[in-house]
Each structure stands twice: as C-alpha cells, then as structure tokens.
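Keep in mind that this is a model prediction, so the values were computed, not measured.
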Amino acid sequence: MWKYDSVRKLAIDNDTIEILKKGYEKYISNQKQKNYIHIFVNDNGVINRTSIKDEGETEIDLISVRDDGSLVTSNTSLHTTKVIKEELGITDFTFHSLRHTHCTELFEHEADIKFVQKRMGHKNIQETLNTYAHRTKKQEDVYSAVLDTMFTQNKKDDTSECVILKVNTT
C-alpha cells in the first residue's frame, strides 16, 4: 500500500548502481536453481508463493527476496533493527530514521531545498523542513563561522562595536 499515488525517479550514485548490478546478476543466477521459489500474482494483486503458477497469474520479480527466492518480510527489518539497537547501543534507531538521516545529510552537503523535497517525495516543503531536516553540529559550526565572518567584515567597515552572544535555549 502506498501513502500517495505518486511515482518518482531518484538519482543514485555509481557505487550504488554497481552494487545493484551485482545483486541483479546474483538474483538471475539464483533463479536458475532447482529449489528457487518463484512468486506469482493474480489480477487482484494476490501473491502466490508456491512456485506453481496458477491460471491467469504473472511471475513477478521482487527486490526483497532471499537467495532461494522467498520473500524478505517486515519481520526481517524488525530483527535487524533489534540487532542494531543491542549491538551498537543505538536505542532510538528505526529504519525510518534512515530517511531523516538522508534528508539531513543532503542539506549538510548543501543540496537545494527543492531537490531535497522532490527526492523525499513531499508534497509540501514544510514537511521536508519541519519533520525531516535536523540541525547537525557541523551545520551549526558553519553558521557560527558565517556570523563571525559577517560581523568581522562589518567591524572592519564600521567603527561601531559588535558583541556576539551565545544563547542557551535549553
């Protein structure tokens, strides 16, 4: 089920393309194995995981399958999340948090706001800014440097004094 009736094309880097190509080659090779589980779907969207094609069904190629063709379910993600939390000690981790991280990283690398909004698939730019974009220490350092430079430049041009205050908002 989709949140919105929308489709978008996403740019990906060359390293990811190479990883996907290798994964696809392995997938094609695995399909030739005797015990490979082929998955079919009927006109109503009902999935058949028996490897026996019924009348009117079409074989589908899914991305999230194991080497034997069986589906990777949401339970796999839950297990992986549990391992990450326990072994790395990141207690507030969810797979959805990777979406927030991606958005924040894009802004940290000075991606244009409209590009980020489109990539995230948000209809409203406020969703991108208010929910997904998080300030990082690196960004705060950059902004502090901008202010320092701005006020230093003003001080050279003007004889008036300028005081920079650090405000604790917590």
**Request:** Please tell me if the side chains of Val65 and Asn30 come closer than 4.5 Å, counting only heavy atoms from C-beta onward.
**Result:** no
**Asked** Going through the checks in order, is the side-chain contact (heavy atoms from CB on, under 4.5 Å) test met by His100 and His134?
**Response** CA-CA 8 Å; His100 291 257; His134 305 284; 2.9 Å; yes
**Distance, nearest 0.5 Å, that separates CG of Asn124 from CD of Gln117** = 7.0 Å
**Asked** Would you say Phe95 and Leu88 are hydrophobically clustered, going by side-chain heavy atoms of ILVMFWY under 4.5 Å?
**Response** yes
**4.5 Å side-chain heavy-atom contact, Glu57 and Val46** = no
**Message:** Can you confirm whether Arg99 is buried at CZ, in the sense that more than 12 heavy atoms of other residues, nucleotides or ligands lie under 6.0 Å from that atom?
**Reply:** yes
**Request:** Any side chain to side chain donor-acceptor pair (under 3.5 Å) involving residues 78-94? Give me the pairs, sequence neighbours left out, ordered by first then second residue.
**Result:** none
**Prompt:** Is Leu106 reachable from Ile125 through a run of hydrophobic residues whose side-chain heavy atoms are each under 4.5 Å from the next?
**Reply:** yes
**Request:** Applying ring pair (Phe, Tyr, Trp, His ring centres under 6.0 Å), name anything that partners His109, two or more places apart in sequence or on another chain.
**Result:** none
**Request:** Check the pair Val116, Phe107 against side-chain contact (heavy atoms from CB on, under 4.5 Å), reporting the backbone distance first and the verdict last.
**Result:** CA-CA 8 Å; Val116 177; Phe107 281 125; 3.8 Å; yes
**Asked** Can you tell if the side chain of Asp54 reaches within under 4.5 Å of the side chain of Asn42, non-hydrogen atoms only?
**Response** no
**Charged N-O contact under 4.0 Å between Glu18 and Lys21** = yes
**Prompt:** Roughly how far, to the nearest 0.5 Å, is OG1 of Thr104 from CD of Gln139?
**Reply:** 7.0 Å
**Asked** Shared ILVMFWY cluster between Leu129 and Met120, side chains joined below 4.5 angstrom?
**Response** yes
**Asked** Can you tell if the side chain of Arg119 reaches within under 4.5 Å of the side chain of Phe115, non-hydrogen atoms only?
**Response** yes
**Request:** For the pair Asp68 and Gln33, evaluate side-chain contact (heavy atoms from CB on, under 4.5 Å) and give the outcome as yes or no after the intermediate values.
**Result:** CA-CA 8 Å; Asp68 69 354; Gln33 302 300 317; over 6 Å; no
**Interatomic distance, Glu108 atom CD to Glu105 atom CD [nearest 0.5 angstrom]** = 5.0 Å
**Request:** On the 0 to 90° scale, with breaks at 30° and 60°, tag the His122-Tyr132 ring pair as parallel, tilted or perpendicular.
**Result:** tilted
**Fill in**
Smallest heavy-atom separation, Asp61 atom then Gln31 atom, equals OD1-NE2, 3.4 Å
**Message:** I need the Asp148 CG to Asp141 CG distance, nearest 0.5 Å.
**Reply:** 10.5 Å
**Item:** Pairwise distance CG(Asn48) to NE2(His38) - rounded to 0.5 angstrom
**Value:** 12.0 Å
**Asked** So Tyr27 and Tyr24, would you call those rings parallel, tilted or perpendicular, with 30° and 60° as cut-offs?
**Response** tilted
**Path from Leu62 to Ile28 over hydrophobic side-chain contacts below 4.5 Å** = yes
**Item:** For Ala133 against Cys103, the heavy-atom pair lying closest together
**Value:** N-SG, 4.0 Å
**Asked** Side chains of Phe93 and Thr101: closer than 4.5 Å at any heavy-atom pair?
**Response** no
**Message:** Are Leu71 and Val41 linked, directly or through intermediate hydrophobic residues, by side-chain heavy-atom contacts shorter than 4.5 Å (ILVMFWY only)?
**Reply:** yes
**Message:** Could you walk me through whether Ile17 and Ile12 satisfy the side-chain contact (heavy atoms from CB on, under 4.5 Å) test, starting with their C-alpha distance in whole Å, then the side-chain angles of each, then the deciding distance to 0.1 Å, before giving a yes or no?
**Reply:** CA-CA 7 Å; Ile17 290 171; Ile12 55 176; 3.6 Å; yes
**Message:** Donor-acceptor check, side chain of Glu59 to backbone of Ile39, threshold 3.5 angstrom: yes or no?
**Reply:** no
**Message:** Please check if the number of heavy atoms outside Asp43 that lie under 6.0 Å from its CG is greater than 12.
**Reply:** no
